Each structure stands twice: as C-alpha cells, then as structure tokens.
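Let me begin by presenting the structure, written as structure tokens, before commenting on it.
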Amino acid sequence: MVIVETEAYLGVSDRAAHTWAGRRTARVEPMWGPGGRAYVYRIYGIHHCLNVVTRREGVPEAVLIRAAVPERWWMGEKVARSALLEASGPGRLCRALGITAALSGAPLSGGGLELRRGPGRGFVVATGPRVGVDYAGEAASWPLRFAVDGCEAVTARRSLRRPPAS
DNA sequence: TGCAAGATTTTC
DNA sequence: AAAATCTTGCAG
C-alpha cells in the first residue's frame with residue numbers, strides 16, 4: 001500500500017495527543033520510546049489506529065497513518081472501488097492490514113511491519129486541521145494533516161487546502 | 001471499583 | 001444525524 005494521508009501529533013504540548021502534558025501510561029509507552037516503531041491503540045472500543053513514532057527516546061511525537069491506496073492504483077492501474085477505499089480511514093487501514101494493538105511497539109522494519117519510502121511522483125500535498133480533535137482547543141486548528149491532493153481515498157477532503165500556488 | 005469520553009465507521 | 005461498542009484514564 002502507498003500512504004496518502006497522515007496527521008502529526010506533537011508530544012506533550014499538543015492537547016490532541018495522547019501524550020499531552022506528559023501523560024505516560026502503559027498504552028502510550030511506545031510513543032516515549034525510540035522512533036521507527038509503531039504505536040497502535042484501540043479507539044471507540046472497535047477500531048485500531050496506527051502511528052509511526054518519529055523522534056528519539058523521550059520525545060513522544062508520532063504520525064497517525066490515516067489512509068493508503070494499493071500500489072497498483074498508485075502506478076496507474078485500475079482497481080475496484082472497494083479495493084481503492086479498503087484502507088481509507090485509520091480504522092479501515094488497520095483492518096485491511098491486519099494491524100492490532102498487539103503490534104504496538106513493534107519496529108517498522110523486520111518486525112512483521114515494513115515501512116519504506118514510496119514512489120514519489122510530483123503529487124501535491126494538501127494540508128488542513130486534524131480530524132476528530134475538536135476538544136483540543138487551539139491545537140484543533142493546527143494544520144497538521146497532510147494528504148495527497150485530490151486522492152479519493154483521502155478522508156474529510158472538504159477541510160483540506162492546497163498549498164499557495166507557485 | 002466505577003464511569004465518562006473518545007485521533008471512527010456504518011447505517012438509518 | 002445517531003448508534004455501535006469497549007478500552008483507557010481519572011475520580012473517588
């Protein structure tokens with residue numbers, strides 16, 4: 001799959017982050033570990049969400065993976081609409097990839113998960129506020145969501161903006 | 001030990 | 001627009 005939508009969560013100063021104000025519980029422990037590992041949590045009792053821990057040990061920042069598309073579609077081939085949207089949304093993405101909380105803390109290479117640089121091809125990255133964090137006060141308006149502009153598998157496209165024309 | 005709320009998805 | 005569904009975190 002090729003990741004097409006992400007959100008950043010900025011450690012202890014980000015009210016929308018699970019590690020806001022230095023929270024450190026068993027659930028978020030992988031966030032506090034070294035980068036390059038997964039942080040997976042269950043949400044609403046039903047779904048799972050996958051994050052990539054990004055910083056060094058002790059700095060709990062991560063990127064939430066919200067949507068991905070099949071490589072074949074990304075390379076221009078046609079795929080069924082159901083397949084295109086199979087990993088659209090953080091919960092569906094985890095279900096499509098078989099990711100559960102059991103993988104929280106696992107390395108993103110060699111540990112059952114494989115994350116690598118995708119085929120970058122002159123796409124436009126749109127930005128906007130993060131989804132579902134209205135409770136986070138000012139942080140709710142921070143433009144920390146990033147997505148491939150115009151991609152149908154990207155969620156909540158209404159709130160996304162293209163970068164200023166160059 | 002109990003309860004309110006949630007980084008969502010699906011259906012009415 | 002609202003339910004489904006249950007874990008986490010915090011209060012007591």
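Proteins come first, then strands; the chains are lettered A, B, ... in the order of their sequence lines, and each starts at number 1. This structure is a prediction, so every number in the text was calculated from the model and none was measured.
For DNA chain C, no neighbouring residue in residues 82-97 of chain A is found when judged by any heavy atom under 4.0 Å. The stretch residues 126-145 of chain A does not touch DNA chain C, since none of its heavy atoms comes less than 4.0 Å from the strand.
Under the 3.5 Å distance criterion, the side-chain polar atoms of A:Glu61 are left unmatched by any main-chain donor or acceptor of A:Tyr9. Of the possible donor and acceptor atoms, none in the side chain of A:Glu7 sits under 3.5 Å from a partner among the backbone N and O of A:Arg66. A donor-acceptor pair under 3.5 Å is formed between the side chain of A:Arg145 and the backbone N or O of A:Pro129. Of the possible donor and acceptor atoms, none in the side chain of A:Asp149 sits under 3.5 Å from a partner among the backbone N and O of A:Arg162. No side-chain donor-acceptor contact under 3.5 Å links A:Ser88 to the backbone of A:Ala67. Remark: side-chain polar atoms of A:Arg37 are not paired, donor with acceptor, to backbone N or O of A:Pro34 under 3.5 angstrom. Formation of a donor-acceptor pair under 3.5 Å by the A:Arg130 side chain with backbone atoms of A:Ala8 is found in this model.
The CD-C1' distance, from A:Glu5 to B:dA7, rounds to 11 Å in whole Å. Between A:Tyr9 atom OH and B:dG6 atom C1' the separation is 12 Å, expressed in whole Å. Rounded to an integer number of Å, the gap from CD1 of A:Ile46 to P of B:dT11 is 12 Å. When the C1' atom of B:dT8 is taken as reference, atom CD1 of A:Ile65 falls 16 Å away, rounded to whole Å. Rounded to an integer number of Å, the gap from A:Ile43 CD1 to C:dT5 P is 16 Å. Atom OH in A:Tyr41 sits about 19 Å away from atom P in B:dA5, given to the nearest Å. The CE atom of A:Met31 sits 11 Å away from the C1' atom of B:dA7 (whole-angstrom rounding). A:Leu64 has its CG atom 14 Å from the C1' atom of B:dG6, to the nearest Å.
Taking CZ of A:Arg72 as the reference point, atom CD of A:Glu77 lies at 7.0 Å (rounded to 0.5 Å). Of the inter-residue distances, the one linking A:Cys151 atom SG with A:Leu160 atom CG reads 11.0 Å to the nearest 0.5 angstrom. Taking OG1 of A:Thr6 as the reference point, atom CD1 of A:Ile65 lies at 6.0 Å (rounded to 0.5 Å). Atom-to-atom distance recorded for A:Met1:CE and A:Trp74:CH2 is 12.0 Å, nearest 0.5 angstrom.
Of the listed nucleotides (C:dT5, B:dT9, B:dA7), B:dA7 has the atom at the smallest distance from the side chain of A:Tyr39. Comparing B:dT8, C:dT8, B:dA7 by their closest approach to the side chain of A:Arg27 singles out C:dT8. With B:dT9, C:dG9, C:dT5 as the candidates, the nucleotide lying closest to the side chain of A:Thr25 is C:dG9. For A:Arg23, the side-chain atoms get nearest to C:dC10 when compared with the rest of C:dC10, C:dT7, B:dA7.
Residue A:His18 has no polar side-chain atom (N or O) positioned under 4.0 Å from OP1 or OP2 of C:dT8.
The side-chain ring of A:Tyr44 is not stacked on the base of B:dG6, judged by centre separation under 5.5 angstrom and plane angle under 30 degrees.
Applying the 6.0 Å contact sphere to CD of A:Glu138 captures no more than 12 heavy atoms from other residues, nucleotides or ligands.
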Inset, instruction - Go ahead and write out DNA chain C as dot-bracket, 5' to 3': ( ) for pairs within the strand, [ ] for ones crossing earlier pairs, | when the partner sits on another strand, dots for unpaired; Watson-Crick or G-U wobble, both distances under 3.5 Å. - result: ||||.||||||.
